[in-house]
Amino acid sequence: MKINNDTVYCDVQMPGAQGIELLKLVTKLRLSGDHPNLDRVFQHMQTEFEGSISCLVDAPSAKVGESS
(Lines give C-alpha, C1' and ligand atoms only; values in the text may rest on other atoms or scores of the structure.)
Protein backbone atom coordinates (compact mmCIF):
# COMPACT_ATOMS: atom_id res chain seq x y z
CA MET A 1 0.00 0.00 0.00
CA LYS A 2 1.37 3.39 -0.97
CA ILE A 3 0.45 6.42 1.16
CA ASN A 4 0.56 9.75 -0.67
CA ASN A 5 -0.06 11.92 2.38
CA ASP A 6 1.64 11.67 5.76
CA THR A 7 -1.52 12.31 7.79
CA VAL A 8 -4.44 9.97 8.49
CA TYR A 9 -7.72 11.33 9.83
CA CYS A 10 -10.42 9.42 11.66
CA ASP A 11 -13.78 10.77 12.77
CA VAL A 12 -15.71 8.16 14.73
CA GLN A 13 -19.04 8.62 16.47
CA MET A 14 -20.39 6.29 19.14
CA PRO A 15 -22.64 6.28 22.20
CA GLY A 16 -21.15 7.75 25.37
CA ALA A 17 -20.80 4.37 27.08
CA GLN A 18 -18.73 3.05 24.18
CA GLY A 19 -16.63 6.22 24.22
CA ILE A 20 -15.84 5.67 27.90
CA GLU A 21 -14.93 2.05 27.19
CA LEU A 22 -12.69 3.03 24.28
CA LEU A 23 -11.04 5.74 26.42
CA LYS A 24 -10.21 3.07 29.01
CA LEU A 25 -8.71 0.85 26.29
CA VAL A 26 -6.62 3.66 24.81
CA THR A 27 -5.42 4.59 28.30
CA LYS A 28 -4.36 0.97 28.96
CA LEU A 29 -2.56 0.79 25.63
CA ARG A 30 -0.72 4.03 26.32
CA LEU A 31 0.24 3.05 29.87
CA SER A 32 1.49 -0.35 28.68
CA GLY A 33 4.30 1.32 26.74
CA ASP A 34 4.06 -1.48 24.17
CA HIS A 35 3.53 0.98 21.30
CA PRO A 36 5.92 3.89 21.86
CA ASN A 37 5.50 5.15 18.29
CA LEU A 38 1.80 5.68 19.02
CA ASP A 39 2.14 7.43 22.38
CA ARG A 40 1.35 10.89 20.96
CA VAL A 41 -1.61 9.47 19.05
CA PHE A 42 -2.94 7.78 22.20
CA GLN A 43 -2.43 11.02 24.13
CA HIS A 44 -4.39 12.98 21.53
CA MET A 45 -7.16 10.35 21.52
CA GLN A 46 -7.40 10.56 25.31
CA THR A 47 -7.73 14.34 25.15
CA GLU A 48 -10.42 14.14 22.46
CA PHE A 49 -12.42 11.47 24.30
CA GLU A 50 -12.15 13.24 27.66
CA GLY A 51 -13.38 16.50 26.13
CA SER A 52 -16.24 14.84 24.32
CA ILE A 53 -17.30 12.79 27.36
CA SER A 54 -17.17 15.83 29.64
CA CYS A 55 -19.57 17.61 27.26
CA LEU A 56 -22.04 14.76 27.77
CA VAL A 57 -21.62 14.78 31.55
CA ASP A 58 -21.83 18.56 31.85
CA ALA A 59 -24.68 19.00 29.36
CA PRO A 60 -27.80 20.64 30.77
CA SER A 61 -30.68 18.23 31.13
CA ALA A 62 -33.36 20.79 30.26
CA LYS A 63 -35.95 19.67 27.74
CA VAL A 64 -36.38 21.49 24.45
CA GLY A 65 -38.95 24.24 24.81
CA GLU A 66 -38.55 24.60 28.59
CA SER A 67 -37.73 28.03 29.85
CA SER A 68 -36.04 28.81 33.12
Side-chain angles (χ1 to χ4, degrees):
M1 173 190 303
K2 182 178 178 185
I3 298 177
N4 294 325
N5 188 341
D6 67 347
T7 303
V8 175
Y9 296 91
C10 180
D11 180 13
V12 180
Q13 297 177 8
M14 66 196 75
Q18 287 180 339
I20 292 168
E21 188 173 343
L22 190 51
L23 172 59
K24 290 177 184 178
L25 175 61
V26 169
T27 300
K28 284 182 184 180
L29 283 168
R30 184 170 181 222
L31 292 174
S32 77
D34 290 341
H35 306 278
N37 292 333
L38 295 175
D39 187 69
R40 301 270 311 213
V41 174
F42 291 152
Q43 182 180 22
H44 184 74
M45 289 173 72
Q46 286 176 296
T47 301
E48 291 290 319
F49 276 118
E50 289 167 352
S52 184
I53 291 166
S54 72
C55 286
L56 290 177
V57 172
D58 296 336
S61 60
K63 295 179 183 175
V64 175
E66 270 188 7
S67 59
S68 36

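On a predicted model such as this, the values are computed, not experimentally measured, just so you know.
Atom NE2 of His44 sits in a sparse spot, with 12 or fewer heavy atoms from other residues, nucleotides or ligands closer than 6.0 Å.
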Counting only pairs under 3.5 Å, give me each side-chain donor-acceptor contact of residues 48-55, with atom names and distances, residues two or more places apart or in other chains.
residue : atom : partner : partner atom : Å
Ser54   : OG   : Glu50   : O            : 3.3
Ser54   : OG   : Gly51   : O            : 2.9

In a table with atom names and distances, give each donor-acceptor pair under 3.5 Å that connects a side chain of residues 14-34 to protein atoms at least two apart or in another chain.
residue : atom : partner : partner atom : Å
Thr27   : OG1  : Leu23   : O            : 2.8
Thr27   : OG1  : Gln46   : NE2          : 2.9
Arg30   : NE   : Asp39   : OD1          : 3.0
Arg30   : NH1  : Gln46   : OE1          : 2.8
Ser32   : OG   : Leu29   : O            : 2.7
Ser32   : OG   : Asp34   : N            : 3.1

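Hydrophobic clustering keeps Met45 apart from Val8 (ILVMFWY residues linked when any side-chain heavy atoms are closer than 4.5 Å, directly or through intermediates).
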